[in-house]
Amino acid sequence: MTTFVIVGGDAAGMSAASKAKRDDPDLDVVVFEKGEWVSYGACGLPYYIKGEIQSLEDLVSVTPEEFREQRDIDLRTSHEVVDIDPDDGTVTARSHGDETVQPYDRLLIATGSEAIEPPIDGTDAEGVYTLGSMTDGKDLREFVARSRETSPSEQPDSGPACQHLERCRGPVGIVGGGYIGVEMAEALAANDFEVHLFQRGDRILKGFSAATSDAVAEHLETRGVSVYLNAEVESLAGSDRVEAILTADGRVPVEMVLLGTGVRPRTALAERAGIELGPTGAIAADEYRETNFEGVYAAGDCAESEHVVTGEPAYVPLALTANRHGRAIGRTVAGTPTEGGGVAGTAAVKAFDIEAARTGITDHEEAREAGFDPVTETIEAKSRAGYYPEGGTVGVTLTADRGSGRLLGGSLVSEYGEGAVHRSHALVGAVTEGVTLAALSNYDLAYAPPFNTTWDPVLTAAKVLDGTL
Ligand SMILES: Cc1cc2nc3c(=O)[nH]c(=O)nc-3n(C[C@H](O)[C@H](O)[C@H](O)COP(=O)(O)OP(=O)(O)OC[C@H]3O[C@@H](n4cnc5c(N)ncnc54)[C@H](O)[C@@H]3O)c2cc1C
C-alpha cells in the first residue's frame, strides 16, 4: 500500500488528503497537525472577532472526526513534525513528549505561514496580538469581550470613532495597513473601539492601485478609524502592558496593539531536510508542486508559485491557491498527474461599506522588472444604470503594456455590494490569458440595469486605456 504523509492539516494539507483518498481509496493517507484545529477558515477570523460569527467551530468546514470516520484519513492532531529525512523517506512527529517515526512513499509539506513580528521594541508586552491562528482569534475575541466589561476609557465621545456612538472603548492600535489590518480596523471599530491604524508607506493596501487604497483609507476615516500614513512605528511603550505606540511624529496611547505586518512562509522544517527554497524565500516547486526531492510536494502558504503574468516565482499566500494546489497534489498522488496552476495575485477586501479587489501586476516598478512598459488609467463609472433606483460608483484602475497592449493587472473599488469584487473576475480571466485591452473591451459581459451599465465599468476602463495607448 502506498503511504501519503502530509505535514499540516489546514487548507492545502486537508485538500490534498481528501482528494487523494477520494480518487484512490486504497491509499494510506496520514496527516500530522501540530494544533487541535484542522480544515479551519482563518479568513473568517476578523468576522468572528467582530461578532458576526458566533463560534470558532463555525469556521471549521470538516471536523477531525469526519475526516477520520467518513473519509478514512489517519489524522493525528497535536502531532508536530520535527524532522523530515528524504533519503530514508521518513518523518518524525512529536506528541506530548512521545516520538513517532512514520515512513512515507509520498510527502506533502503544507506547513503554512507565520506572522512577521516587526523589529520594534515592546512587542512582547501584554496586550500585543497577532492574528494568524485560531488561538489568536480566540484571544482577540476574549480581549473584545473583556473590554466590554472593564474598559476604563468607556466614556461617551472620547475619540473620533465614538462620535456617533453611545459608548466607546479603546483606544487600540493596528500596526500595518494590509488586508488583515483593514479587516480588523472594521472588526474593532464595530465593537466601539477607538482605532488607530499605522502604515509605514504612503498608502494602505499596497498591492492595490493608489486610487483603490486612497478610497479605502478615506472610507475608514469616515467611519472613525484614524489612519496614519508614512508612520513607521518605532516602538511600543509600557511597562508590563502596552500603553502607547511611538512614531517619529509622536505618541498615541493605546490599550491593545494588533501587529498586522505580514506573513512569511514557515519553511524551517523543510530547509533542515535540504528542501530548496526559491527566490521569494518560500519552498520552490515545479508545476506539479514537486520539490527538489522526487515524491516530496509543497503547497499553500509555505510555497511559492509561478506568476501568470511574469512567469516568475511569486509568493502569494492566499486560500484558493492553498486549496487548489493541495487538490492537484492529491490527484497526482492518486495517479493522475495534475498541474497546480499559477497565481495572479488576486485578492479582495471589505471594510465597512466599501469593497476592493486586485489582480495581476499593477505596480510599475514590478512591471518594468518583468520587461513590460506599463501604462495606467483610472476611471470612475456608475455601478448600475443611471435610471435604476439603487447604485453607486465603481473605480477601475487598469495597467497594460504599452508595446503589446496586453492587460497586466487591475484594481477595483466600490461601495459594498456594488460589484468591485465580482467585476474583478473578468480581469482575472484577461490577465491570466494574456489578452489585450482591445480584446478585453470586446468581452461580451452580461448587462441588465440592476447590475451595471450597458458598457460595464470594466469595459469602459479597457476602452479608455486602449485609447491612451
Ligand atoms: C486573519 C486571516 C484572514 C485571512 N483572510 C483571507 C482571505 O480573505 N482570503 C484569502 O484568500 N486568504 C486569507 N487568509 C490566508 C489563508 O488563510 C491562507 O492562505 C491559508 O490558510 C493557507 O493554508 P495552508 O494550508 O497553506 O496554511 P495554514 O492555514 O497556515 O495551515 C498550516 C497548518 O500546518 C500546521 N503545521 C505547521 N507546522 C507544522 C509541523 N511541523 N507539524 C505539524 N503541523 C504543522 C499549522 O498548525 C497549520 O494548521 C487569511 C489569513 C488570516 C490569518
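Keep in mind that what you see is a predicted model, and the values were worked out from it rather than measured. Because only heavy atoms are used, hydrogens play no part in the values below, and waters and symmetry mates are left out as well, while side chains stay in.
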Can you list the residues that meet the salt bridge (charged side-chain N to carboxylate O under 4.0 Å, His left out) rule with [X], with sequence neighbours excluded?
X: R76; answer: D74
X: D72; answer: K21
X: D121; answer: none
X: E142; answer: K138

Subject >> Flag for S61-S39: side-chain donor and acceptor within less than 3.5 Å >> reply: yes
Exercise. Is K350 paired with E183 through a side-chain N to carboxylate O contact shorter than 4.0 Å?
Worked result: no
Between R141 (side chain) and Q54 (backbone), is there a donor-acceptor pair under 3.5 Å? yes
Residues at least two apart in sequence or cross-chain that pass side chain to side chain donor-acceptor pair (under 3.5 Å) with T267, listed by chain then number, are E271
For S18, the side chain to side chain donor-acceptor pair (under 3.5 Å) test, sequence neighbours excluded, returns R71
Across all chains, not counting sequence neighbours, the ring-ring contact (aromatic ring centres under 6.0 Å, His included) partners of H364 are none
Those residues at least two apart in sequence (or on a different chain) that pass ring-ring contact (aromatic ring centres under 6.0 Å, His included) with F198 are Y228
Handout entry: Heavy-atom check, side chain of H307 versus side chain of I361, under 4.5 Å
Key = yes
Ignoring hydrogens and angles, write down the donor-acceptor pairs under 3.5 Å from the side chains of residues 23-32, residues two or more places apart or on other chains.
from	atom 1	to	atom 2	distance (Å)
D23	OD1	K19	NZ	3.1
D24	OD1	D26	N	3.0
D28	OD2	T3	OG1	3.4

Considering only distance and modelled atom types, tabulate donor-acceptor pairs under 3.5 Å from the side chains of residues 234-243, sequence neighbours left out.
from	atom 1	to	atom 2	distance (Å)
R241	NH1	E126	OE2	3.4
R241	NH2	E255	O	3.0

Quick one: side chains of residues 337-347, donor-acceptor pairs under 3.5 Å with protein atoms, not counting sequence neighbours, listed by atom name and distance.
from	atom 1	to	atom 2	distance (Å)
T338	OG1	T336	O	2.7
T346	OG1	T359	OG1	2.8

For a quick test of your reading: what N or O donor-acceptor pairs under 3.5 Å do the side chains of residues 365-372 make, sequence neighbours left out?
none

